[in-house]
Amino acid sequence: MPGQPENRVQQVLRPHAEDAFAGELAALAAADDRPRPARWRLSPWAVATYLLGGTLPDGTVITPKYVGPRRVVEVAVTTLATDRALLLLGVPGTAKTWVSEHLAAAVSGDSTLLVQGTAGTAEEAVRYGWDYARLLAHGPSREALVPSPVMRAMEQGMTVRVEELTRIPADVQDSLITILSEKTLPVPELGEEVQAVRGFNLVATANDRDRGVNDLSSALRRRFNTVVLPLPATADDEVDIVARRVDQLGRSLDLPAAPDGIDEIRRVVTVFRELRAGVTADGRTKLKSPSGTLSTAEAISVVTGGLALAAHFGDGVLRAGDVAAGVLGAVVRDPAADRVVWQEYLETVVREREDWQDFYRACREAAA
Ligand SMILES: Nc1ncnc2c1ncn2[C@@H]1O[C@H](COP(=O)(O)OP(=O)(O)OP(=O)(O)O)[C@@H](O)[C@H]1O
Ligand SMILES: [Mg+2]
C-alpha cells in the first residue's frame, strides 16, 4: 500500500532514529561524495552533519540533533572509523543515549543492535546464548546458537550500542576485552570463532554518577576512546535544546504548538541552571544545590508536562502555573533537605524578580 511505511512511523510511539529521520539520511547519502569507511552508510563528514545540522547544496535542511561543541562530535565520529571503541561519558541527561542512537543510525542505518546494561546483564547478552530445545535435541550447532547483538554486529560489520556499561557486572564487562582487542568472539562449544568484519564497532554510554558501581577495568578502558558530553554551555543553548525537543515530543503527542511558551521555557532553564550551579545567573547570590541532577532531560519533561496541562486544562498557552508543579517535583527529591533549599531559593531569588511574580505565586500554590 503506498504510504504505508510512513503511516507506521507515525503510529509508533517512538520511532527509531533511522526511521524518524529517514528523509534527512537519504538526502545526506545522496549529497555525500566523500570517502566512506567500509560498510558505512555515510562519510564521517556526513555523519557529523547529520548530528550537528546544516544545509546541503540542494537546499535540504538537516536539523541539529545534538547541540554542543562540534569537536566533541567530530572526535566521536572519527573514533568509530578507527579500531577503538567509543565511550560516551557524562552526567545524567547530557544526551549520551541520544547521541549513541543517532550515531548508529547514521553510520550503520540501524540503531537497534543494543545491549541494555543492568546489574543483571549476563554474558549471553554480550556473547551468545543457546536455544535449549535445539541444543538438547541436536547438540551444539550453529542453529542452536542465539547470537547477541554484539555478535550480530561483528558478523555484519555494524555498530552495536551498549547502554550503561558501568552497571554491568565486572566479569561480564571483561568479556568485551577479547572482542574489542582481538575483534573475535570464540565459540569453544563449536570449536569456532566469529571474526568481526570491517565496519564493526561499539558505542558504549556510562553515567558519571555511577562511578564506583562497576568501574571499568583498566584493560577495558584502554580499548575505548572516551568522549565526555558536557552540560549545555550557555542558557541560550539549553533553552534551544529544550524548545526543540519539546516541539518534537509535543508533535508526537498531538499537543498544539506553543509559540508563546519560550519565555516559560527560559524561566525553567534559568531555575535549573541556577540551582545546579549554586549561584544566580548574575553571580551575586550563592545558593544551595538540591540533591537531584536537574538535567536538561528533566527540564524537557517539565515543559512537556506543562504543555500537556495547558492544552488539556488551560487555553493552550504555557503559563507559570503549568510548570510550577513540575519544577517543584524535579527540585524536591529529598522531602526534607531539598524543600529547605527550594524555599530559600523561592523567597530570596524568585520573589525578588519583578517579572517573576506569577511564577512565585504559582510555586507557592504548588507547594501548599
Ligand atoms: N546537548 C544536547 N543536544 C540535544 N539534545 C540534548 C542535549 N542534552 C540533552 N538533550 C536531550 O535530553 C534528552 C535526554 O538525553 P539522554 O537520555 O540521551 O541522556 P543520557 O545522557 O543518556 O542520560 P542518562 O545518564 O540518564 O542515561 C534527549 O531527549 C536529548 O534530546
Ligand atoms: Mg542514557
Side-chain angles (χ1 to χ4, degrees), residues 13-18 20-21 24 47-54 62-77 86-106 111-112 114-119 121 160-168 202-214 216 226-253 255 265 268-269 272-273 276 291-305 307 326 330 333:
L13 202 48
R14 189 189 176 291
H16 298 303
E18 58 274 25
F21 296 96
E24 290 189 12
V47 173
T49 307
Y50 170 73
L51 272 150
L52 293 161
I62 306 297
T63 54
K65 319 295 175 302
Y66 178 68
V67 179
R70 168 167 284 273
R71 201 69 198 164
V72 164
V73 172
E74 288 171 352
V75 172
V77 175
L86 172 65
L87 175 62
L88 299 172
L89 197 65
V91 296
T94 41
K96 300 178 294 296
T97 303
W98 178 251
V99 167
S100 103
E101 178 184 356
H102 284 287
L103 278 173
S111 62
T112 63
L114 170 69
V115 178
Q116 179 63 51
T118 67
T121 301
V160 62
R161 300 161 55 206
V162 178
E163 278 288 312
E164 310 286 1
L165 179 61
T166 45
R167 293 207 185 141
I168 300 181
L202 186 146
V203 185
T205 65
N207 198 311
D208 253 0
R209 294 240 164 160
D210 287 342
R211 195 170 282 166
V213 179
N214 283 306
L216 294 191
T226 304
V227 170
V228 177
L229 297 186
L231 282 164
T234 66
D236 285 344
D237 279 356
E238 196 159 354
V239 170
D240 181 45
I241 295 166
V242 174
R244 228 178 254 287
R245 282 297 288 152
V246 165
D247 183 51
Q248 281 169 359
L249 289 171
R251 250 178 288 153
S252 73
L253 297 173
L255 295 176
I265 294 180
V268 172
V269 167
F272 274 38
R273 289 182 74 87
R276 213 155 59 199
S291 59
T293 45
L294 296 178
S295 65
T296 314
E298 282 168 284
I300 292 169
S301 65
V302 167
V303 176
T304 311
L307 263 184
R333 283 288 149 85

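Both backbone and side-chain heavy atoms feed into the values below; hydrogens, waters and symmetry mates do not. We're numbering straight along the sequence, starting at 1. Whatever order the structure lists ligands and atoms in, that order sets their numbers, starting from 1.
Only the side chain of N207 comes within 4.0 Å of ligand 1, judged by heavy-atom distances. Contact annotation: for E164 versus ligand 1, heavy atoms closer than 4.0 Å belong to the side chain alone. Under 4.0 Å from ligand 1, the heavy atoms of I241 that appear belong solely to its side chain. Counting heavy atoms under 4.0 Å from ligand 1, residue I300 touches it through the side chain alone. With a 4.0 Å heavy-atom cut-off, ligand 1 is reached by the side chain of R245 but not by its N, CA, C or O.
If you check which protein heavy atom lies closest to atom 14 (C) of ligand 1, you get A297 CB, 3.5 Å. Closest protein heavy atom to atom 21 (O) of ligand 1: K96 NZ, 2.6 Å. What sits closest to atom 18 (O) of ligand 1 on the protein, heavy atoms only, is W98 N, 2.8 Å. Looking from atom 8 (N) of ligand 1 to the surrounding protein, the closest heavy atom is A95 CB, 3.6 Å. For atom 1 (N) of ligand 1, the closest heavy atom belonging to the protein is V67 O, 2.7 Å. In terms of protein heavy-atom proximity, atom 4 (C) of ligand 1 is closest to K65 O, 3.2 Å.
Partner of L89 under the side-chain contact (heavy atoms from CB on, under 4.5 Å) criterion, out of D208, T94, L165: D208 alone.
The shortest separation from a heavy atom of G93 to ligand 1 is under 4.0 Å, placing the residue in contact. Within the structure, the closest approach of R244 to ligand 1 does not fall below 4.0 Å when heavy atoms are considered.
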Inset, instruction - Go through V162 and I168 one step at a time and tell me if the side chain to side chain contact (heavy atoms under 4.5 Å, CB included) criterion holds. - result: CA-CA 10 Å; V162 178; I168 300 181; 3.9 Å; yes

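Between T97 and ligand 1, a contact under 3.5 Å exists for at least one N or O pair. Annotation: T296 places no N or O atom under 3.5 Å from an N or O atom of ligand 1; distance criterion only. When only interatomic distances are considered, the shortest N/O to N/O separation between P92 and ligand 1 does not fall below 3.5 Å.
Using the six-membered ring where Trp is involved, Y50 and F21 have ring planes that are perpendicular, over 60° apart on the 30 and 60° scheme.
For the pair E101 (side chain) and A17 (backbone), a donor-acceptor distance under 3.5 Å is present. The backbone N or O of T118 sits nowhere less than 3.5 Å from a side-chain atom of E164 that would complete a donor-acceptor pair. Within the 3.5 Å criterion, the main-chain N or O of Q116 finds a donor-acceptor partner in the side chain of T121. Between the K96 side chain and the V91 main chain, a donor and an acceptor come within less than 3.5 Å of each other. Between the E24 side chain and the T63 main chain, a donor and an acceptor come within less than 3.5 Å of each other. Judged purely by atom type and a 3.5 angstrom limit, R70 has no side-chain atom pairing as donor or acceptor with the backbone of L52.
Using a 4.0 Å cut-off between a side-chain N of Lys or Arg and a carboxylate O of Asp or Glu, R276 and E298 do not qualify as a salt bridge.
Side-chain contact of Q248 with R245: a donor-acceptor pair under 3.5 Å is present, judged by distance alone.
Excluding water, every protein N/O/S atom under 2.8 Å from the Mg ion (ligand 2) is given here by residue and atom: T97 OG1.
With rounding to the nearest 0.5 angstrom, the OG1 atom of T304 is 10.0 Å from the CG atom of D247. A distance of 10.0 Å separates CG in L249 from CG in L307, rounded to the nearest 0.5 Å. In this structure, CD on E18 lies 9.5 Å from NE2 on H102, to the nearest 0.5 angstrom.
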